[in-house]
Amino acid sequence: MKLRRISDVGLKVVTGLILVIALILTFTVSDYYIFNRIGEFNFFFVFSQWMKKAGLLLLPLAVFYNKKSCSDIFKYVLPVFVILSCCTFGGFFDVNAEDIATTPSELVFAHMNGFMPKAANMTLFFISNALYLIACALLFIRDGYKVKAKSFIWLPFAIFACMPLNLFENFFDIKNFDRTHFLWFKNFTLWHFLMICILIGFTVGAYYFLRKKDKKTQEDFLVAAAIVMLIQYHSKDSMVIGDGYNVYHSVFACIPLFICNIGVYVAALSVILKKKLLYAISFFVHAAGALSVFIYFGKDEMSNYGIFCSYSILYFCLTHCLLFALSVMPSALKHYKFKFKDCIIPLAYYFAVIVVATISSALVTSYLTDYSYGGYILGEVATEQQLLPNYAFTQINPFPFEVNIWGVTIWKYEVKLLYVLGLYAAYVAIFFAFIGAYYAFLAVRGKILARLAQKGAVPAEEEPAEQIEEAAIAEEEPAEEAPAASEEQEEKEKELMQ
């Protein structure tokens, strides 16, 4: 029993260290650089690194949620690929963005982003591999050697969920496509329509997949989706400082101050911690925010998503689909019921995000303007768009008209306060429109189900929306204490005692 307790504590510590090191290593060029250059690296090493990404999904589920299937896969499959990666790394640690820079701006960005020394990269890599093997040993101690064959059914799903999204770039050279090509992603094209269809299909499909499962199973799947979202979100770190993501090349673009970037953490923590406040922020702010960017992606000339299967668009689509689904699913599955008063804190939260993002983006842009290396000043060799971090949405006006009123200079960059306030007001309007649509949907659905119930056409497990809402409210409110025994009952008890 004591050994079991020690293994449990050890597993949690080791898992935490693995996740922290994995996060740090995403800020190296080589972490995701290899996946769209399989021909330049050892295939077995590349695949082993992919499997270790899947391990980042399996291990937390095995350790913190006691998923036996994940434990079985991790302890019997991962050691093979961990050892393989130690033997086949080749030139993995020699990848240097400065060596592959083709323009002065790329050279300066590469120098700025290459802050992780090779020795530190190698040290963390091998420490991480050692921790993987220790985690496997501790899982054997905790769960024993017995394994169920059906556990491995989940292995392909884990591999697919953690697939490096730049993998498809092995099959085409993005330089062979320009903005006029049919496959190029732009607003209001076939590919834009396809992204919206995927968002709707993914969310509806997830709901119908989960709705008849018990609450514990629903929570486990939502947590798994949250972990996948975090893994895929942080793939952007390595891509930004290596090949670039969209129009962004500076490591400062990895700071999570864009509203959907913060939403990734808020939505993930909401299903992991099951806190009402986080549910409210996710549902009120981030669901509407994720949905709005699917409607309009911003000015085409300011974006560089590439063709429909480029990393940038696949990353954007997957992370925002997961963000939207995780923001609305707890409410759809009746784990949480949004009330109108719940919008107060999210409104203050979003205002704080706007303020911090505005100040930070102005400071970062000012810093990058004068950054120099190799005889080049970044402000002179980079475009204005490259100097703006991705949370500079408070600086970039996507509309065809300018709002040059109430300018305030922060260091070297002028911020248009009226535009920032208008941006806040516009998004608040979107948030309330989303909530209004939600209530309208519930009202229509309730009437339809009520009519079907009168005709006997509603299945036994279906309940009118009003009954479902009442049940959800009852779950949130603490159960009332049983009423005290009446005086008459007390008298009878006394008589019986006598």
Side-chain angles (χ1 to χ4, degrees), residues 21-37 40-41 49 89-125 128 164 166 169 173-175 233-258 261 302-304 306 310-312 315 357 359-392 395-396 410-413:
I21 292 176
L23 172 61
I24 295 173
L25 288 176
T26 62
F27 291 97
T28 59
V29 177
S30 55
D31 192 39
Y32 272 81
Y33 183 85
I34 60 174
F35 292 118
N36 60 350
R37 296 172 175 85
E40 299 176 23
F41 295 87
Q49 289 296 98
F89 57 83
F92 177 68
F93 301 109
D94 297 321
V95 177
N96 188 329
E98 289 188 43
D99 297 336
I100 57 177
T102 58
T103 65
S105 61
E106 287 181 2
L107 178 64
V108 180
F109 278 124
H111 173 72
M112 178 192 305
N113 297 335
F115 56 85
M116 175 80 72
K118 178 180 176 180
N121 187 3
M122 293 183 69
T123 301
L124 291 174
F125 176 86
S128 175
N166 57 336
E169 295 180 6
D173 186 350
I174 192 62
K175 295 177 182 177
Y233 169 73
H234 281 291
S235 69
K236 185 184 70 174
D237 305 337
S238 180
M239 291 299 299
V240 163
I241 64 179
D243 293 321
Y245 158 68
N246 199 354
V247 296
Y248 306 108
H249 300 271
S250 162
V251 68
F252 290 102
C254 298
I255 300 173
L257 287 177
F258 188 72
N261 295 157
M302 295 168 60
S303 301
N304 183 31
S310 296
Y311 171 82
S312 290
Y315 161 83
I359 296 173
S360 300
S361 59
L363 293 176
V364 167
T365 303
S366 300
Y367 172 76
L368 293 179
T369 300
D370 290 336
Y371 190 90
S372 63
Y373 174 71
Y376 300 105
I377 299 174
L378 196 55
E380 296 177 359
V381 296
T383 64
E384 182 183 6
Q385 183 66 20
Q386 289 176 319
L387 298 176
L388 299 174
N390 66 328
Y391 42 90
Q395 298 166 246
I396 303 173
I410 300 178
W411 194 355
K412 299 174 183 178
Y413 200 91

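These figures come from a predicted structure and were not determined experimentally.
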* Would you say Glu98 and Leu107 make side-chain contact, with heavy atoms under 4.5 Å? -> yes
* Measure up the Tyr245 and Tyr311 rings against each other and bin them: parallel (under 30°), tilted (30 to 60°), perpendicular (over 60°). => perpendicular
* Asked: Who are the side chain to side chain contact (heavy atoms under 4.5 Å, CB included) partners of Glu40, not counting sequence neighbours?
  -> Arg37
* Asked: Sequence neighbours excluded, which residues qualify as salt bridge (Lys or Arg N to Asp or Glu O under 4.0 Å) partners of Asp173?
  -> none
* Distance from Asn166 atom CG to Ile174 atom CD1, nearest 0.5 Å? -> 12.5 Å
* To do: Find the distance between CZ (Phe252) and OG1 (Thr365) and round it off to the nearest 0.5 Å.
  => 10.5 Å
* Asked: Okay, side chain of Asn113, backbone of His249: is any donor-acceptor separation there less than 3.5 Å?
  -> yes
* Does Val240 reach the side chain of Ser250, with side-chain heavy atoms less than 4.5 Å apart? -> no
* Asked: Hey, is OH on Tyr376 packed in by over 12 heavy atoms from elsewhere, all under 6.0 Å?
  -> no
* Under 3.5 Å, is there a donor-acceptor pair linking the side chains of Thr103 and Ser105? -> yes
* Structure fact -> Taken to the nearest 0.5 Å, the spacing of Asp237 CG from Leu23 CG works out to 6.5 Å
* **Contact check, side chains of Leu378 and Leu387, non-hydrogen atoms, under 4.5 Å** => yes
* Asked: Taking the inter-plane angle between the rings of Phe27 and Phe115 on a 0 to 90° scale, is it parallel (under 30°), tilted (30 to 60°) or perpendicular (over 60°)?
  -> tilted
* Taking the side chain as every heavy atom from C-beta outward, state whether Asn246 and Ser303 have any atom pair closer than 4.5 Å. => yes
* Close side-chain approach of Val95 and Ile100, heavy atoms under 4.5 Å -> no
* Asked: Is any side-chain heavy atom of Lys236 closer than 4.5 Å to a side-chain heavy atom of Asn390?
  -> yes
* Asked: Are the side chain of Ser238 and the backbone of Thr28 linked by a donor-acceptor contact shorter than 3.5 Å?
  -> yes
* Is the side chain of Ser361 donor-acceptor paired with the backbone N or O of Ala392 at a distance under 3.5 Å, no angle test? -> no
* Under 3.5 Å donor-acceptor, Ser360 side chain and Ala357 backbone -> no
* To do: Could you tell me the separation between the OH atom of Tyr391 and the CD1 atom of Ile255, rounded to the nearest 0.5 Å?
  => 3.5 Å
* For the residue pair Tyr233 and Pro256, establish whether any side-chain heavy-atom pair is separated by less than 4.5 Å. => yes
* Would a 4.5 Å heavy-atom cut-off, applied to side chains only, mark Gln385 and Tyr248 as touching? -> yes
* All side chain to side chain contact (heavy atoms under 4.5 Å, CB included) counterparts of Phe93, not counting sequence neighbours -> Phe89, Lys118, Asn121, Met122, Phe125, Phe126
